[in-house]
Structure formats: C-alpha cells, structure tokens
Amino acid sequence: MLDDPLLRNISCLKEGTFTSWSDTREQVSLSLPLPHATARRDLVVAITPTSLSIRHRHVGLLLEVTPLAKLVDSSASTWYIDGPMLCCVLVKQDYGRTAADQYWGASLTAPSGILECHLSPRDVSTFVQRRERELEREAAEKRALREREAELERIRRECESQAAALRAEGASAEANEPPSWWILDHLHLIVAGVAVLVGAVRMYVVFTHMIDRAPIDAA
C-alpha cells in the first residue's frame, strides 16, 4: 500500500500550513494524496461545521484540521476519490459581507488551530505536481492512440476501396468473355457442329476426287 516513496513515512505526522487547497466565495476545495490502492471503504471522513478529519482504516490519521478557519455547512460539503487523490469540497456557511471576509486566507485553520497531515506541504506539492505530469502524459498517450487509430482506419478504407476497384475490373472482364456455364451447356451442339463440318469436308474431298478421275475413266 505504501509503494509511493512520498508515502513511506506516512506514520510520522507533520504540522504546518496545508497548501494544496483553493478558496472561492462559496467553498473551499482541497486535494490530499492517498496511499496506493486506497478505496472509498478504506476512508473515514468526518466533516463538522468546525473541523475536518480524514482517517485511513489501515494506516491511521491522514489529515486533521480543527478548528477550521471559518464555519462550513457539513450537510452540503462532500468528498470523493479521483485517482490517487482525495478531493474534499467544504461549503461555507457565511460568504462574508466584504471581499476580505469571503476568503479564509493562508491557512485552513483558525488562529492557534491544529493542522496535522501525513505529508509535509512540500511533499504534497511534489505529489500534486507529479500527478499533473502523469495526467498530461496519459492525455498525450490517448491523443497518440487516437491518431494511430485514425491512421489505421484511413488505411483500412483505402484497402477496401482498392479491393472494390479490383472486384469491379474482374466483373467487367468476366462480362466480356463467354461464361463457362454457357460452354458446358452447349458442348453437345459444338461437338455436333464440328462433326458436321468434318463430314462436309470429307464429302468435298471425295467429290473432288471423283471429278478429277472422271475424264480418265471416259478415255
């Protein structure tokens, strides 16, 4: 489960500013690297109006934030797994009356709050950057695969077009020649015609021979 080098020291909790999160007027979104092959059933995520706790059933505490910088709506907040990352969306209770009040600032925790994470901020940043590179590589591989498939499809269509042209040429050549079945069906007539022709030639030869001998016999 701890195949990733960044996650081998998971049992040693770190404290500090968790930087892999974003803040909008309505919600806070954070991404947390997970141990290898983590499934949803392996996680226990507790979201309250004032805290966030993420635990792994086999590993232990992954992230603890208490109290949060500001109150959240726990019933509207949610979380999900995206590949090797756990994504958590915290919906704010109070959007703030001014622009300065709408954002939490630099930390997920309130002043003097507790933030414990199984990875240091640097490790989290490194993991996220590596994950982004992996996604870019996967996207490039998919594009290359689609291009290869398109090229194979083009070649297949060309082969089919050439095969159709050859079939058309063959059909045209066959149309200009007497079909073999016609020859077989009329073979007896052909034989009879040849026999008649041979007989006529023989009769001609005999008749010519008789005419050539007639003056000699008369003399």
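These numbers come from the heavy atoms of this one structure, side chains and all, not from hydrogens, waters or symmetry mates. This chain uses plain numbering: 1 for the first residue, then up along the sequence.
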Taking all non-hydrogen atoms of both residues, which atom of Arg41 and which atom of Arg57 are closest, and how far apart?
O-NE, 2.7 Å
Take Glu151 and Glu147 through the test side-chain contact (heavy atoms from CB on, under 4.5 Å) and record every step on the way to the result.
CA-CA 6 Å; Glu151 180 64 16; Glu147 292 174 357; over 6 Å; no
Answer yes or no: is there an ion pair linking Glu158 with Arg154, defined by an N-O contact shorter than 4.0 Å?
yes
State, with a plain yes or no, whether a side-chain heavy atom of Trp79 is found less than 4.5 Å away from one of Arg40.
yes
Check the pair Glu138 / Lys142 against salt bridge (Lys or Arg N to Asp or Glu O under 4.0 Å), numbers first and verdict last.
CA-CA 6 Å; Glu138 291 175 0; Lys142 290 180 180 179; 5.5 Å; no
Evaluate Asp42 against Leu34 for side-chain contact (heavy atoms from CB on, under 4.5 Å), listing each step before the verdict.
CA-CA 10 Å; Asp42 298 326; Leu34 294 172; over 6 Å; no
For Thr38 and Ile81, which heavy atoms make the closest approach, and how far apart are they?
O-CD1, 4.2 Å
Kindly work out whether a path of hydrophobic side-chain contacts (I/L/V/M/F/W/Y, heavy atoms less than 4.5 Å apart) joins Val91 to Leu30.
no
Check whether any side-chain N or O of Gln27 sits under 3.5 Å from a backbone N or O of Val89 as a donor-acceptor pair, and report yes or no.
no
Could you tell me the separation between the CG atom of Leu68 and the CG atom of Leu108, rounded to the nearest 0.5 Å?
7.0 Å
Indicate yes or no: does Arg133 engage Glu136 in a salt bridge with an N to O separation below 4.0 Å.
no
Would you name the heavy atoms of Thr109 and Ile114 that are closest together and state the gap between them?
CG2-O, 3.5 Å
What I'd like to find out is whether the side chain of Leu43 reaches to under 4.5 Å of the side chain of His56, using heavy atoms alone.
yes
Write down the atom of Leu61, the atom of Ile54, and the distance for their closest heavy-atom approach.
CD1-O, 3.6 Å
Would you kindly confirm whether Leu32 and Trp21 end up in one hydrophobic cluster when ILVMFWY residues are joined by side chain heavy atoms under 4.5 Å apart?
yes
Side chains of Leu52 and Cys88 in contact at under 4.5 Å (non-hydrogen atoms)
yes
Same cluster (ILVMFWY, side-chain, under 4.5 Å), Trp104 and Leu63:
yes
Test Leu90 against every option in Asp23, Val28, Thr78, Val65 by the side chain to side chain contact (heavy atoms under 4.5 Å, CB included) rule and name the one that passes.
Val28
Student check: side-chain heavy atoms of Pro67 and Ser51 closer than 4.5 Å:
no
Does the salt bridge (Lys or Arg N to Asp or Glu O under 4.0 Å) test come out yes or no for Glu153 and Arg157, once each step is laid out?
CA-CA 6 Å; Glu153 178 65 17; Arg157 291 181 179 179; 3.1 Å; yes
Looking only at side-chain N and O atoms, does Ser74 offer a donor or acceptor that is under 3.5 Å from a partner on Ser77?
no
Decide side-chain contact (heavy atoms from CB on, under 4.5 Å) for Val72 and Thr48; before the verdict, give the C-alpha distance in whole Å, the side-chain angles of both, and the deciding distance to 0.1 Å.
CA-CA 7 Å; Val72 299; Thr48 72; over 6 Å; no
Scanning both residues in full, the closest heavy-atom pair of Lys92 with Arg25 reads CD-O, 3.4 Å
How close do Ser75 and Asp73 get, counting heavy atoms only, and between which atoms?
OG-OD1, 2.7 Å
